[in-house]
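Below is one structure; the comments refer to it alone.
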Amino acid sequence: MVRRILPLTLVVIMCAACHQNPFFQQWDTPYGTAPFSKISEKDYLPAFKEGIRQQKADIEAIISNPEAPTFENTVAAFDRSGALLAKVEGVFFNLSESESTPLMQMIEEEVTPMVTAASDEIMMNEALFKRVKAVYEGGEELTREQQMVVKKLYEGFVRNGVGLDEEGKARFAEINTRLSSLSQRFGQNLLAENNAFKEETGITVSEYPSWMATAQDRAAREKAFKAYSSRCNHGDGHDNNEIVLEIMRLRTEKANLLGFPTSAEYLLDNKMAGNSATVDAFLRPIMDASMRKAREEIADMQEVMDEDVAAGILPEGSKIEPWDWFYYAERVRARKYALDETLTKPYFQIDSVRKGVFYAAEKLYGVRIEEVPEVEVYNPVVKAYKLTDADGSLLGIFYADYFSRPTKRGGAWMNNFRDQYVVDGKETRPVIVNCCNFPPATEEMPSLLTVDEVQTAFHEFGHALHGFLTKCNYASVSGTSVARDFVEMFSQFNENWAFQKEILSAYANDYRTGEPVPEELVSKINNALKFNQGFMTGELCAASILDMKWHELTLEQLSEFTDAASIRSFEERVCKEMGLIDEIIPRYRTTYFNHIFNSGYSAGYYGYLWSEVLDVDAFEKFKEDGLWNPDTALAFRKIFLERGGSEEPMTMFREFRGTDPNPAALLRARGLE
C-alpha cells in the first residue's frame with residue numbers, strides 16, 4: 001500500500017504547485033459555502049499540511065503569551081485555533097463518506113494518521129496544558145458556557161495522555177495513529193463489501209429489510225441473509241477480523257495507560273452513564289422484555305408459516321429461521337393491522353417526506369426553510385436549503401443527500417461542514433448535511449419510502465435541528481457537541497412527529513393522484529408502530545450488549561483471541577448469555593459493526609436506547625401539555641437545542657421535565673411492558 005500512496009503524494013504536490021488552492025482563499029460564495037466545483041483531489045493534501053502548520057502556530061502563540069493564563073487568551077484562543085484545518089476537514093471527511101472514490105480513499109489513508117498525530121502533539125503539550133489547568137483551577141469569573149468549555153478541554157488533555165511520562169506519551173500517540181488507520185480501513189472494507197453484496201444479491205444493503213419483507217422465495221432470502229450477515233468475514237482482502245482484534249487490543253492498552261482496566265471504563269468515564277456496570281444494568285431489563293415479546297411474535301409468525309406448510313408451499317416441519325423474520329412479520333402485520341408497505345409507500349414520495357420534515361420543524365420551532373439553488377452542491381442529487389428563524393435571521397445551510405450510490409457508505413447520518421460559533425461578536429452559522437441511503441428514483445418509479453425510512457428522514461433532521469438552533473459562542477460545545485449517550489435524544493425525539501395527523505396532512509399525498517393519506521391508514525400506521533418491537537428492540541439491544549462485551553475485555557482476555565473462529569465463538573457465547581433467541585441476530589455483527597469500529601460509538605451503541613428514555617419521557621411532557629403547546633416547544637428549544645453542550649445533560653433534562661428520566665417510559669413506548 002505504501003508504494004501506491006507515495007507516487008500519489010508526489011503527483012498531488014506537483015499539481016498543486018501550478019494551481020491556486022481554493023482552501024487558501026476566502027470563499028466568495030452564497031453564505032460562504034464550499035465551492036465544490038473548484039475543489040479537486042489535489043487540493044486536499046496541501047491544505048491539510050498548511051492547516052496543521054497554521055494550527056501549530058496558533059498553539060505556539062498561546063503558549064508564548066507572556067500574560068497570565070485567562071479564559072480568553074488560552075481557552076477561547078484554543079477554541080478558535082486551526083481555522084484552515086477545520087475548513088478542509090469539514091469538506092474532506094464529509095465527502096470521503098459520500099463520494100468515496102478510490103483516489104479519495106488513498107488520500108484518506110495518508111491524511112488520517114497525519115491529522116491524528118498533529119492532534120496528539122497538541123493534546124500532549126505540557127506547556128499548553130499548564131495554561132489550561134491554570135484557568136481550570138483559577139478563580140476567574142466565567143459564564144456557565146465558559147465553565148463547560150474549560151471543563152471539556154481540561155478533561156480532553158487528561159484523557160489524551162498529557163499526564164503520562166515521555167515513554168507513555170510516545171506509545172499513546174503511536175496507538176492513536178494506528179487506530180485511526182485501522183478504523184479507516186475497517187470502513188473502506190465495509191464499503192467494498194456493501195457493493196459486493198449488491199452485485200451478489202441485486203439489492204443494496206439499505207434495501208435489504210424491505211426486500212426481505214416481500215421476497216417469497218425462501219432460498220433467496222436465506223442466501224441474502226447469509227451474505228448480509230457475513231460481510232467482511234470471508235478471509236479475503238476485505239476481511240475485518242484481524243482489524244477488529246488489533247483495534248480492541250490497542251484500545252484496551254490505551255485505557256490501561258491511563259489507569260483504566262478496560263476500554264469500556266475509559267470510554268464511559270465522561271458519558272452520562274459513567275461506567276460499564278450502569279450500562280449493563282440498564283440494558284438487562286430491556287433485553288429480557290424484548291425477548292419475552294419476541295417469543296410471542298414467533299408464535300404469531302409460525303401460525304402463518306404453518307399455513308404455508310399445509311398449502312404445500314413449504315416442507316413439513318418448517319420453522320421460523322432468521323431469514324424468515326422480515327417476511328413473516330410483514331404478513332402478520334398485514335393481518336393484524338391491514339397494513340402493507342405497498343399501500344403506504346405511494347404517500348411517502350421523497351419530496352413529500354422532505355416537505356413533512358421541514359413542516360414539522362416550522363410548526364414546532366418557527367423556522368423557515370427554502371431551497372437555495374444558488375448554493376453549489378457536491379453531487380447533482382443533493383439539494384441545498386436555507387433555514388431562517390422567525391425573525392428572518394439566518395440559522396444555516398442544509399444539504400439533503402438522500403439517495404444511495406456506490407461511493408456512499410451505508411446507513412444514515414448528520415454531520416457539519418461548518419460549525420456554529422462566535423468570534424469578536426461576529427457569528428458564523430453552521431452548514432449541515434443529512435446523508436441517507438434511500439432508493440433513488442427510476443424511469444418507472446419515483447423514490448418511495450417505507451415507514452421506517454420516513455422515520456429515518458425525521459431522525460436525521462432532528463440531529464440537524466440540534467445543530468441549526470444552537471446559540472453558543474464556542475465551537476467545542478455548540479450544536480451536537482454533547483455526550484454520545486445524550487446526542488441521540490434529539491434525533492429520536494424528532495421521529496415522534498413523523499406520523500402525527502397534523503404533520504401527515506401537510507405532506508402525505510398519493511404521488512399519483514394527489515389525494516391525502518386516509519385517516520384510516522394513518523391510524524393503521526400509528527397502531528402498527530409498536531408492532532414487531534420484540535425483534536426491533538432485541539436486535540438493537542443485542543448489538544449494544546455485544547459492543548459492551550467487546551469493550552469490557554481485558555488485555556489478558558483479548559490475548560486468547562487468535563482468529564475469525566474465536567471472534568465467532570465469542571459472539572455466540574455473548575448472544576447466549578444475554579438470552580438472544582436463535583431466530584434473531586444482533587443488528588450488527590462484529591465484522592460490519594461500523595458504529596463501534598469506525599464511527600465513534602465504541603462502548604456507546606447503548607446510547608440509542610439510553611437517549612430514547614430521555615426522548616420518550618420528554619415527549620410525554622408534550623402529550624401532557626398538548627402536542628402543539630408553543631410554550632412547551634419553546635422550552636424544549638431553549639433548554640436543549642440552543643444550549644448544545646454548554647450545560648450538563650441531566651441538569652438540562654431536570655430543568656425541562658422537573659424530574660429524573662423514567663426508564664419505564666421506553667418500555668411503554670415500545671409496547672414491551
Side-chain angles (χ1 to χ4, degrees), residues 268 271-297 455 458-459 462 482-500 526-548 577-581 584 586-587 603-627 629 632-633 635-636 639-640 648-673:
L268 292 167
K271 306 299 188 297
M272 287 184 75
N275 56 70
S276 61
T278 299
V279 176
D280 292 342
F282 168 72
L283 294 174
R284 182 72 265 171
I286 298 174
M287 191 67 194
D288 292 344
S290 62
M291 288 303 96
R292 285 194 297 270
K293 192 68 173 180
R295 291 185 181 92
E296 296 175 11
E297 293 164 357
Q455 289 178 300
F458 276 81
H459 177 106
V482 300
R484 183 67 70 178
D485 51 6
F486 185 51
V487 72
E488 296 297 337
M489 172 184 174
F490 308 100
S491 54
Q492 292 174 164
F493 174 82
N494 208 51
E495 291 181 40
N496 289 300
W497 307 101
F499 303 115
Q500 298 298 330
N526 283 299
N527 289 337
L529 289 178
K530 292 182 180 179
F531 174 71
N532 203 35
Q533 280 300 319
F535 171 83
M536 297 293 288
T537 310
E539 64 161 7
L540 172 59
C541 193
S544 302
I545 293 172
L546 179 61
D547 169 29
M548 288 305 303
E577 290 175 351
M578 73 173 76
L580 185 66
I581 59 179
I584 301 177
R587 180 169 295 181
Y605 195 66
Y606 76 92
Y608 284 95
L609 288 167
W610 183 278
S611 295
E612 188 174 343
V613 172
L614 306 177
D615 111 62
V616 170
D617 204 343
F619 187 64
E620 287 192 352
K621 178 170 175 57
F622 275 78
K623 290 190 287 187
E624 293 163 7
D625 296 348
L627 280 182
N629 185 310
T632 306
F636 189 88
I639 292 172
F640 289 122
E648 296 290 354
M650 195 59 76
T651 300
M652 287 189 276
F653 187 89
R654 289 171 182 147
E655 181 180 346
F656 177 76
R657 196 67 173 102
T659 63
D660 285 348
N662 181 4
L666 183 147
L667 298 181
R668 287 197 299 270
R670 287 180 172 251
L672 297 175
E673 281 191 329

Would you confirm whether [X], through its side chain, and [Y], through its main-chain N or O, come within 3.5 Å as a donor-acceptor pair?
| X | Y | result |
| --- | --- | --- |
| Asn494 | His459 | no |
| Ser491 | Glu488 | yes |
| Glu296 | Gly534 | no |
| Gln455 | Ala498 | no |

Pairing of Asp288 and Arg284 as salt bridge, 4.0 angstrom limit: yes
Least distance between heavy atoms, Met489 atom then Asp615 atom: O-CB, 3.3 Å
Considering all heavy atoms, the nearest Asp485-Tyr606 contact: OD2-OH, 2.5 Å
Interatomic spacing from NZ in Lys293 to CG in Leu667 - rounded to 0.5 Å: 12.0 Å
Trp497/Phe619 aromatic ring centres below 6.0 Å: yes
Aromatic ring proximity Phe493/Phe640, centre distance under 6.0 Å: no
Candidate pair Asn275 and Thr278, rule side-chain hydrogen bond (donor to acceptor under 3.5 Å, both in side chains), full reasoning: CA-CA 6 Å; Asn275 56 70; Thr278 299; 2.9 Å; yes
Pairing residues for Arg657 by the salt bridge (Lys or Arg N to Asp or Glu O under 4.0 Å) criterion, not counting sequence neighbours: Asp617, Glu624
